[in-house]
Structure formats: structure tokens, C-alpha cells
Amino acid sequence: MNENDAFTEMDPLTIKKARRHISQNEGLIFEKSLPGKRGMELPPLDVPSIDPAKTLGEFARHGITDFPEVSEIEVIRHFTRLSTWNYAIDLGMYPLGSCTMKYNPRVNEFVARLEGLATEHPLQPDEVSQGCLRVIHDLQKCLLEITGMDAATLEPVAGAQGELTGLLLIRSYLESKGNPREKVLIPDSAHGTNPASVVIAGYEVQNIKSNERGQIDIAHFREFVTDEVAALMITNPSTLGVYEENIAEIAEILHARGALLYMDGANMNALAGVTRPGDFGVDVMHLNLHKTFSTPHGGGGPGAGPVTVKKILEPFLPVPVVKETNGRFALDYDRPKSIGRVRAYCGNFGVLLRALAYTLAYGPRIRQATEDAVLNANYIRKHLEDLYDLPYNLPSMHEVVFSDARQRKHGVNTMDIAKRLIDYGFHPYTTAFPLIVPGALMIEPTESESKEECDLFIDAMRSIAAEAETNPEIVKTAPHATRVGRLDEVAAARKPILRWRPRQNQDAQKAAASRGEQAPVVPTA
Amino acid sequence: MRYLPKSQSERRQMLDAIGAKSIETLFETIPAKYRLRDPLKLPGPLSEMEIIDYFKARAAENSRGYTSFLGAGVYQHLKSVVTDALVQRGEFLTSYTPYQAEISQGTLQAIFEFQTLMSQLTGQEVANASMYDGSTALTEAVLMAERLTRRHRVLVADTVHPEYRHVLATYAKHLGISVEEFGFTTTGQADVSAISDETLAESAAVVVQSPNFFGVLEKLAPIAERAHAAGALLIDCVTEPVSLGIVKPPEEADIVALEAQSFGVPPSYGGPFVGVIATQEKFVRQMPGRLAGEALDAEGRRGFCLTLATREQHIRREKATSNICTNEALYALVVTIHLCLLGKEGLRELASQNLAKARFAQDELRKIPGVALPFSGTTFNEFVAEFPRPVQEINRKLLAERIVGPLVLDKYYPQNERRGLICVTETMPRSEIERFAAAMRKIVAN
């Protein structure tokens with residue numbers, strides 16, 4: 001089928017959310033470069049100038065080969081054009097399960113850039129850092145209230161680093177009791193970062209199978225909890241979007257054997273304001289501020305992965321710790337039992353600040369966000385469960401996981417459906433995860449979606465289910481409306497091209513010419 | 001609530017469609033005794049104006065109006081308003097990791113450009129899409145060297161950023177990697193002669209930083225030669241990459257761990273920043289972190305996608321090269337835009353201005369009786385000065401003059417209470433350098 005045929009399928013009755021529009025072509029910035037152009041000028045030097053070549057002698061560098069030389073307007077156009085090739089929350093629903101792609105409030109961006117906050121140096125004296133320290137302190141208090149825990153560190157800069165920090169806290173605690181133990185139990189539904197973090201913390205991974213209901217089988221679990229087990233690392237609600245019904249009992253079993261319960265807080269958006277992990281037996285957990293607390297994903301970071309813990313783990317928190325004495329704040333480095341330091345300075349302060357702005361906006365009404373998130377997921381489930389297979393038929397919380405079992409009969413898999421969603425104006429859901437669901441469609445709408453947007457999504461998914469039966473080819477070859485089609489990732493990995501080089505430019509130019517496109521400019525530097 | 005796009009009647013309609021009596025029924029899988037009865041005790045809810053007021057009040061409690069001579073891995077540099085205007089486009093700000101290449105070409109091409117810029121700057125063949133920051137990039141570089149050499153010792157110069165070394169120690173401890181530190185000479189450079197050939201032959205890597213924590217440039221070629229002769233790798237850490245505009249790139253290093261904050265990223269009390277690992281093509285499969293690569297679609301159109309993902313945790317789970325998941329993509333974009341604006345000439349000029357300003361400050365301080373510059377090595381925009389009295393004491397007095405003085409080296413290097421680390425970038429006006437020198441002269445004399 002050629003592209004035009006595909007577009008006849010894009011009639012406005014079928015695809016309501018999107019239609020085609022022109023997007024600008026744009027080469028690599030290096031292909032626009034010409035000697036002598038620049039996009040930024042510096043104020044004149046107000047001290048005697050010196051010759052770097054003479055001053056630096058053997059250390060001197062004489063120019064950087066092929067470094068770009070472009071004007072300001074070219075930089076503006078270049079990156080603006082690139083930006084229009086991205087999908088974003090600001091454009092519409094981003095139903096990526098487990099990723100909690102919610103609205104990123106603009107005021108958060110504004111306050112993060114204030115002079116006096118963005119400008120502060122992490123090593124400046126505490127006397128002139130009281131504002132920053134109070135931001136950290138206030139956010140800690142909020143996170144402790146939300147999670148029901150006793151102490152926190154905001155140093156970890158990603159969920160995965162939070163996991164590692166939490167595991168090191170467990171290790172140090174158990175070491176202080178005489179034996180760090182060897183294994184960490186992980187359900188097979190877990191995210192891949194969990195086992196990777198366990199290994200870096202020096203533990204062995206013991207995978208435990210979920211039962212036919214996607215839950216931890218208590219009887220089976222009990223057998224696994226030996227004196228070698230340091231902890232269970234669990235995501236709750238699980239990656240199926242289902243609350244682990246026996247979580248409190250699981251905690252008791254672990255505690256009775258001297259082991260601890262780690263909770264991956266990736267799915268905290270289903271719980272905030274409704275229930276607190278600290279109350280149902282969790283000893284240590286991390287939060288993803290770039291998920292539950294609305295800080296922007298930015299195309300893959302930055303994030304922040306604060307860790308909250310029960311009292312028993314507090315002495316082991318990484319340095320520095322923010323300490324309050326009579327309304328004055330200070331960084332405390334004198335913590336002999338600390339696991340050490342997981343990142344330089346005080347973590348991703350700019351992300352922490354945004355998360356605090358988000359929390360202050362809701363206050364105690366954060367429960368409403370949780371309720372709306374769960375409402376949206378259940379609403380979508382209700383309207384799709386007649387067409388898509390639901391492998392684990394348990395009550396959904398903030399996300400719902402279908403499988404492609406029915407569509408596969410027509411040769412259409414979850415990835416095809418996901419790619420076809422792009423033509424309908426949506427970002428795909430999470431595909432092929434969790435691993436316990438073959439051909440998974442993991443859908444998390446978040447509270448940020450209106451009923452109207454949910455209806456459009458349902459409409460799109462229903463339409464694609466129909467296409468899978470009547471016209472599977474159009475689904476299997478999707479997307480049809482994007483700048484590029486599915487890329488040959490296998491070939492890209494076999495012979496990776498990871499940077500631009502001038503000779504490549506020559507090839508690109510030839511290739512572009514053969515396609516009738518405007519040839520990129522070759523730098524002559 | 002302004003962030004929630006539903007009316008009460010829509011909520012009711014949706015509950016009806018689901019067949020749920022109330023919202024409570026959707027939470028019934030949570031045992032009743034763990035469901036909260038009362039609202040959480042949180043401050044708020046606050047309107048937009050109130051949020052701005054809260055943060056403006058916090059900003060007023062910090063160092064606004066002070067002149068700071070701190071560097072030590074975090075630098076004040078000029079930036080253009082263009083960068084911020086571009087990165088605040090929602091299409092960059094509010095997009096996810098570009099796994100769905102067809103609708104993420106903007107981010108992917110920008111990452112590819114970032115990788116190219118970082119390779120060009122460092123003189124290495126390839127660079128990754130970013131790490132959390134310099135400290136974690138250095139740690140991951142060491143783990144990478146361990147995988148490449150299958151050796152479990154690593155030799156780290158004392159002149160590497162102390163907080164970076166602390167992070168490395170925290171990670172290494174549980175991975176069976178023994179980290180051994182070695183000293184420095186009177187030039188302020190790493191003292192490689194302190195390392196025996198036997199030790200070297202058992203080590204995965206020698207780790208240095210250039211410019212190092214004292215601001216002194218390291219001679220990498222002889223260190224690389226010794227390391228390579230013993231089968232060890234050389235890792236170079238760069239915390240002030242503006243230097244690379246005029247200083248020879250670390251081509252001799254096998255792995256470069258770099259902090260790119262200097263390129264348009266605000267200090268922001270320590271983060272978010274942008275770490276990078278750059279290396280040679282032959283080591284790329286042991287490099288952690290995401291990578292964007294060029295690819296073609298079925299029609300032969302050029303595009304970009306994340307590649308070599310089989311190294312990563314979401315595929316390899318416990319066998320992954322690292323547990324890194326999110327990185328710092330948005331700030332890598334800041335760096336990319338900033339460097340495109342600066343360009344070849346701009347970066348060279350910027351670096352030259354840093355050198356000139358720091359040399360000017362050195363000359364001003366040298367004129368003060370009792371103040372000395374203890375290290376003889378070549379410096380870029382930072383240097384160590386020695387004072388006739390404890391820096392802590394001097395800094396208290398400088399603070400009264402609204403000057404944040406030198407970093408007290410004693411914090412990291414005991415018995416160095418009279419030495420301080422001073423950074424002077426292009427943003428420091430000559431008049432402030434002179435005011436600093438005058439205040440210092442007065443304090444030292446009293």
C-alpha cells in the first residue's frame with residue numbers, strides 16, 4: 001500500500017483528533033555551518049587580554065574541527081523545526097503506562113528560574129542558602145506526610161538511583177545487625193531497573209513468579225523468605241495497575257524473618273492522598289518526582305528519585321542531610337553510619353523545587369488528582385474491555401493492561417496498534433511490558449485528561465480494533481502520517497552511526513540529491 | 001482545581017458509565033483500615049500567585065546581591081535568552097524518552113547533535129546521550145573500565161573532585177572494586193610516580209581530572225603511556241569543559257567523564273546538571289547510558305532512533321551495564337543549543353576570557369603581602385591560593401562585604417585550612433575582582 005492509500009483512511013470521520021499538516025525539513029546543525037558565522041557575542045573583555053597559545057604552551061588547542069558556526073536565527077529555526085517533530089503532553093494525551101505523563105504546570109518552570117534560586121551555588125555557605133535549604137526541608141515534610149514515613153533523602157536524581165540508595169540503606173542496616181544477607185526478591189512483573197539496581201547494590205536477584213491473578217502468592221512467597229533474604233522489592237500497585245491485596249501480610253512475613261520491604265513508588269499516582277505505604281508496612285521506598293509530582297520528562301530527564309524511610313534506616317541516609325535547628329537550616333555531613341554519597345552536592349534541586357510547587361498547588365486536595373487518575377483508567381478500561389483481551393481481570397487502579405491476543409489472530413501485535421495510534425493523533429501506550437503479559441498494551445491516562453480526550457482515545461482504540469479485523473495491513477504498516485516511517489533499528493544497531501562526521505555529510509548530500517531534496521551545505525572548515 | 005480538566009457532572013457521568021456507585025468503590029481493593037479517613041496534613045492548596053510568592057520569599061533568603069568566587073565543579077557562565085526560549089517549547093519540555101522514534105525525531109536529532117558536539121569537544125570518537133551528572137558519569141566510567149579490563153582495582157588521583165570520589169566510593173564498595181587514591185606534587189598535578197608498576201598492572205584504570213580540582217591542567221600523555229603499558233585504561237574527568245575551547249582535548253584518555261553544566265545550565269544549587277561519557281568506538285558496547293543513532297526508514301529517509309539498547313536495564317535487567325534509566329535529556333538540549341549559539345569562535349573567545357580574568361585575579365592577589373599561589377602548574381579559570389590565616393575566618397569577613405570567598409580546601413583536604421580555591425569566569429567584572437582583592441588585603445593585614 002502506498003502512502004496516499006493510507007491517507008484515504010485518515011478521513012475526519014475515522015480520525016477525529018488529528019489531521020495532516022506540513023512540517024519543515026531541517027538537516028543537522030553541522031550541515032548548516034559556515035566559517036565566520038556565530039549566534040552569540042560576548043561583552044568586551046575588561047582586563048588585559050592574553051594569548052592563550054602563549055600562556056598555555058603545550059596545553060594549547062588550536063580550534064575545534066567541524067564545530068558548528070551558525071547565526072542566532074538559524075539556531076532558533078533549527079530547534080523550533082526539530083521541536084515540531086515531537087509529540088508532547090502539551091499536545092495531547094500520553095497514555096504511557098507506568099510513566100505517569102501528566103500535565104507539567106508552567107508555574108513550576110517559572111519559579112525554577114527565579115534569580116536567587118537558579119543562580120545559587122551548592123557549596124556556598126549555609127548562611128546564604130537558607131532559602132534553598134528550606135525548599136528541600138519543606139518538600140521532605142510533604143513527601144513524608146504523603147508516604148507515611150519518618151525520614152527522607154532527596155539526593156537521588158532518578159528513580160533508579162533512588163532504588164540503589166534504598167537498597168544500600170537496607171544493606172547498611174542489616175550489616176549493622178551483623179549480616180547484610182545475600183538476596184533480594186523481585187516479582188517477575190517488576191520494571192527492569194529493579195534487578196539492575198539490586199546487582200549494583202551487591203545483592204543477588206531472586207525472581208518470584210506471580211500467580212495466575214498477577215499477585216504474589218502468599219504460601220509460595222513464604223517459602224522464599226529465608227534468612228538469606230535481605231528484602232522484597234515490590235511495585236504497588238503492580239505494573240498491572242493492580243493493588244497488591246496482601247501487602248500488609250507480605251510485610252509481616254518479611255519482618256518476622258528480619259527482612260525489609262522496599263516499595264518502588266513508580267505507581268504512587270494511584271495512592272497519594274488515599275493510602276500511605278508507611279501505614280501498610282513499607283520500610284523504604286522511592287518516589288519518581290518526574291511521574292507523580294509533575295516535573296517535566298524533557299525527552300528523557302532530568303528526574304529525581306527521593307527516598308523515604310522508617311526510623312530504623314535514618315542513621316544510614318546519604319550525606320548531606322538537611323537539619324533544622326530553631327528555624328535555621330544546615331547541611332549535616334557528620335553522619336558516621338551513612339551509606340556515603342550517591343551524587344555530588346544536594347541532588348537535582350531544580351527538580352525538587354518544581355515538585356514542591358506542584359505539591360503546594362494541591363495541598364490536601366492531592367487526593368482529587370489520584371481519584372481522577374483512577375477514574376480515567378477505569379473509564380477507558382470499561383470502554384475497551386469488549387474489544388481487547390484483559391489477561392488479569394482484577395480491579396484496575398491508575399492504569400489498565402490489555403493484551404493483543406485477539407488482534408494477533410489477524411497478524412496485528414501490540415506494537416502495530418501502538419504505531420497506528422500515532423496516526424490517530426496519540427502517543428502510543430507502553431508496549432510489551434510488563435513481561436508477564438505477552439503482547440501487553442499498558443495504558444495510563446493520568447488525571448490530566450478530560451473526558452473528551454479519554455473519549456477520543458477510546459474512539460481511536462475501537463477504530464483500530466476494527467481495522468485489525470478488516471484492514472490489518474494498514475495497522476501493520478503504521479504510522480502513515482509521520483515524517484519518517486518505522487526505522488530500521490536492527491540495521492542501526494548492527495553498524496551504529498552515533499555522531500555526524502564530514503564524510504557522512506557527503507553521503508547524505510548525495511542521498512538527498514537522489515531524493516530530490518535540497519542538498520545540505522558542506523562545511524569547508 | 002485548575003490542573004484537573006473535569007467538572008463534577010463529568011465525574012458522575014464517568015462513574016455511571018463504569019457502573020461504580022462512588023469513587024470510593026474504585027479503591028476497595030485497598031483494605032479499609034489502610035484507607036485514609038482524613039485529608040493529608042499538607043500546606044496549600046495555593047494559587048499560582050501564592051506559589052510564586054512562596055518561592056520569591058525563598059529566593060530572598062539566599063545569596064542574591066553577593067559576589068561569588070566559587071567554582072569547584074559548578075560554574076557561573078553567560079547564557080543566551082534564546083536557549084531558555086527554545087527549551088521551554090512544550091514539544092521538548094513535555095515529551096517522554098524518545099522510544100517512539102516516529103514522533104520523537106526532534107529530541108532524537110538533538111541528542112545525535114549533542115553526541116557529536118561532545119565527541120568533538122573531548123577529541124573522543126563517541127559520546128552518550130547524557131548521564132545524571134559528572135560525579136555519576138565518573139563512577140559509571142570506572143565501572144565501564146572494570147568491565148573492559150576485568151580488573152577490580154582502580155587508582156584515583158587526590159586531585160579529582162572530592163565529592164565525585166565520594167560517590168565513586170559509595171558505588172564501588174558493594175561491587176568489590178577497590179579504590180586507591182594517590183597524591184599530587186608541588187605543581188598541583190597528580191603524582192603518578194607514586195604508583196608502582198605492580199599496582200598498575202593489576203588496575204583497571206588510572207583516574208585523573210583536568211583541569212583538576214585545584215584548577216591545574218594535567219599532562220595526560222605520559223600518564224596514558226604508563227597506564228597503557230600496564231594494560232590499564234586512562235579515565236579523564238572534566239568538570240570545567242569551557243577549558244576545552246582553548247585547552248588540548250583529552251584524546252589520550254580511553255574514557256572521558258564530563259560535566260557539561262558550564263554550557264548554559266544554571267547552578268541551581270547543584271542540579272540538574274548534565275554528565276557525559278565519551279570514549280572510543282571499540283568500547284561503545286560497554287558504555288552505559290542511552291545512545292541515539294542514525295537509521296533509515298523503508299523509504300530510505302534519514303531518521304534517528306535510540307540504539308544499542310541491549311546494554312540497558314529495560315532489556316537486560318540484572319545483566320545490564322548500568323541501572324541508569326532517566327538521564328538529563330532536557331539539559332543535554334540546553335547544552336546543545338548553547339554550544340550551537342556560541343559556535344567555534346564564540347567558545348574560543350569565551351575560554352580565552354576565562355583565562356584572562358583568572359590570570360588578572362591571580363596577579364591582583366599575588367600583590368597582597370602574605371598571599372601566595374602554592375602550585376606551579378598551569379591553570380585555567382580556577383586556582384588555589386594560600387593565606388596567612390584560616391580561609392574560614394577570612395570568609396566570615398568577606399561575607400560581611402557581600403562576597404562569597406574561596407572554597408575552604410580544609411573541608412576536603414585536612415591540614416589545608418589556610419588554602420582556598422578561587423574561580424573567576426567571564427561573568428566576573430574587573431571591578432568586583434578589584435573589590436575582592438582590596439577586601440582581602442584589608443582582612444589579611446588585620
Side-chain angles (χ1 to χ4, degrees), chain A residues 38-40 46-47 52 61 67 69 79 82-83 85-90 111 116 118 120-122 128 130-132 157-158 160 192 195-197 202 205 243 280 296 298-303 340-341 344-346 348-350 360 363-364 379 450-451 482 484-485 487 492 496-500, chain B residues 5 10 14 29 34 39 42 44-46 55 58-59 61-64 70 86 89-91 93-95 97 102-103 105-107 116 126 132 135 163 166 170 174 246 248 266 268-272 293-295 297 303 305 313-314 317-318 320 323 325-330 341 343-344 360 430:
Chain A
R38 61 192 285 177
M40 191 171 165
D46 60 2
V47 299
R61 180 180 204 172
F67 216 63
E69 296 180 81
F79 290 99
L82 260 55
S83 77
W85 305 345
N86 275 358
Y87 190 83
I89 301 169
D90 283 2
V111 295
E120 300 311 286
H121 194 288
V128 289
Q130 288 298 303
C132 291
V157 292
S197 300
V205 176
Y243 188 84
F280 56 70
R341 182 186 263 291
Y345 319 115
C346 294
N348 276 349
F349 176 77
L360 292 174
Y379 182 75
S450 63
K451 178 172 176 295
T482 47
V484 292
L487 294 164
I497 302 173
L498 304 172
R499 63 177 288 190
W500 171 86
Chain B
E10 282 176 312
M14 291 172 81
T29 47
Y34 298 119
L42 293 170
L46 299 190
F55 284 101
R58 299 294 77 77
E61 295 162 356
N62 288 328
S63 74
R64 219 158 49 183
L70 291 175
L86 288 169
R89 286 186 64 89
E91 299 93 327
L93 185 74
T94 74
S95 63
T97 306
E102 298 89 339
I103 45 171
Q105 283 300 303
T107 294
T116 307
V126 288
Y132 303 141
S135 69
E163 295 200 2
H166 199 177
T170 306
H174 307 288
I246 51 172
K248 247 174 69 182
S268 191
Y269 205 58
E294 195 178 305
D297 71 4
C305 62
Q313 43 73 28
H314 64 281
R317 299 177 78 85
E318 59 262 40
N323 73 335
C325 188
T326 52
N327 57 16
E328 315 296 289
L330 191 70
L341 286 166
K344 192 176 190 165
F360 179 77
R430 174 181 184 145

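Proteins get letters first, then strands, A, B, ... in listed order; numbering begins at 1 in each. Nothing here was measured: the structure is a model prediction, and the numbers come from that model.
Of the listed residues (A:G300, A:G303, A:G350, A:G363), the greatest number of heavy-atom pairs within a distance under 4.5 Å of chain B belongs to A:G300. Of the residues considered (A:G340, A:P302, A:A492), A:P302 shows the highest number of contacts with chain B, using heavy-atom pairs under 4.5 Å. Note on A:P195, A:P296, A:S197, A:P496: by heavy-atom pairs under 4.5 Å with chain B, the leading option is A:P195. Of the listed residues A:P122, A:G116, A:A158, the one with more heavy-atom pairs under 4.5 angstrom with chain B than any other is A:P122.
Rounding to the nearest 0.5 angstrom, the gap separating the OG1 atom in B:T116 from the CD1 atom in A:I497 is 11.0 Å. Between atom CZ of residue B:R58 and atom CD of residue A:Q130 there is a gap of 10.0 Å, rounded to the nearest 0.5 Å. Atom SG of A:C132 sits about 9.5 Å away from atom CD of B:E61, to the nearest 0.5 Å.
With hydrogens and angles ignored, the 3.5 Å screen pairs a side-chain donor or acceptor of B:S135 with a backbone N or O of A:A344. Remark: side-chain polar atoms of B:T94 are paired, donor with acceptor, to backbone N or O of A:D90 under 3.5 angstrom. Using modelled atom types, no side-chain atom of B:Q105 and backbone atom of A:L82 make a donor-acceptor pair closer than 3.5 Å. Judged by distance alone, with hydrogens and angles left aside, the side-chain atoms of B:N323 form a donor-acceptor pair with the main-chain N or O of A:A160 at under 3.5 Å. Panel note: side chain A:R499, backbone B:V126; no donor-acceptor pair is recorded below 3.5 Å.
The shortest side-chain heavy-atom distance between B:E328 and A:N348 falls under the 4.5 Å cut-off. In this structure, the side chains of A:S83 and B:L86 stay at 4.5 Å or more apart for every pair of heavy atoms. Looking at heavy atoms from C-beta onward, B:E91 lies out of side-chain contact with A:I89 at the 4.5 angstrom threshold.
Of the atoms belonging to A:V484, heavy atoms from both backbone and side chain fall under 4.5 Å from chain B. B:L93 touches chain A through backbone and side chain together, each having a heavy atom under 4.5 Å away. If you measure heavy-atom distances from A:P52 to chain B, the contacts under 4.5 Å come from both the backbone and the side chain. In this structure, chain A has heavy atoms under 4.5 Å from both the backbone and the side chain of B:Y34.
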Using side-chain contact (heavy atoms from CB on, under 4.5 Å), reason through B:S95 and A:Y87 one step at a time and then give a plain yes or no.
CA-CA 6 Å; B:S95 63; A:Y87 190 83; over 6 Å; no

side-chain contact (heavy atoms from CB on, under 4.5 Å) for B:N62 and A:H121? Distances and angles first, verdict last.
CA-CA 10 Å; B:N62 288 328; A:H121 194 288; over 6 Å; no

Go through it in stages, so that I can follow the logic: the residues are A:N86 and B:I103, the test is side-chain contact (heavy atoms from CB on, under 4.5 Å), and I'd like the CA-CA distance, side-chain angles, deciding distance and then a yes or no.
CA-CA 5 Å; A:N86 275 358; B:I103 45 171; over 6 Å; no

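Residue A:K451 qualifies as enclosed at atom NZ: its count of foreign heavy atoms under 6.0 Å is above 12.
Under the ring-ring contact (aromatic ring centres under 6.0 Å, His included) criterion, A:F79 pairs with no residue, sequence neighbours left out. Every salt bridge (Lys or Arg N to Asp or Glu O under 4.0 Å) that B:E102 has, sequence neighbours left out, goes to A:K419.
Judged purely by distance below 3.5 Å, without hydrogens or angles, the side chains of A:E120 and B:S268 never pair a donor atom with an acceptor atom. Residues B:T170 and A:R341 have side chains that never bring a donor and an acceptor to within less than 3.5 angstrom of each other.
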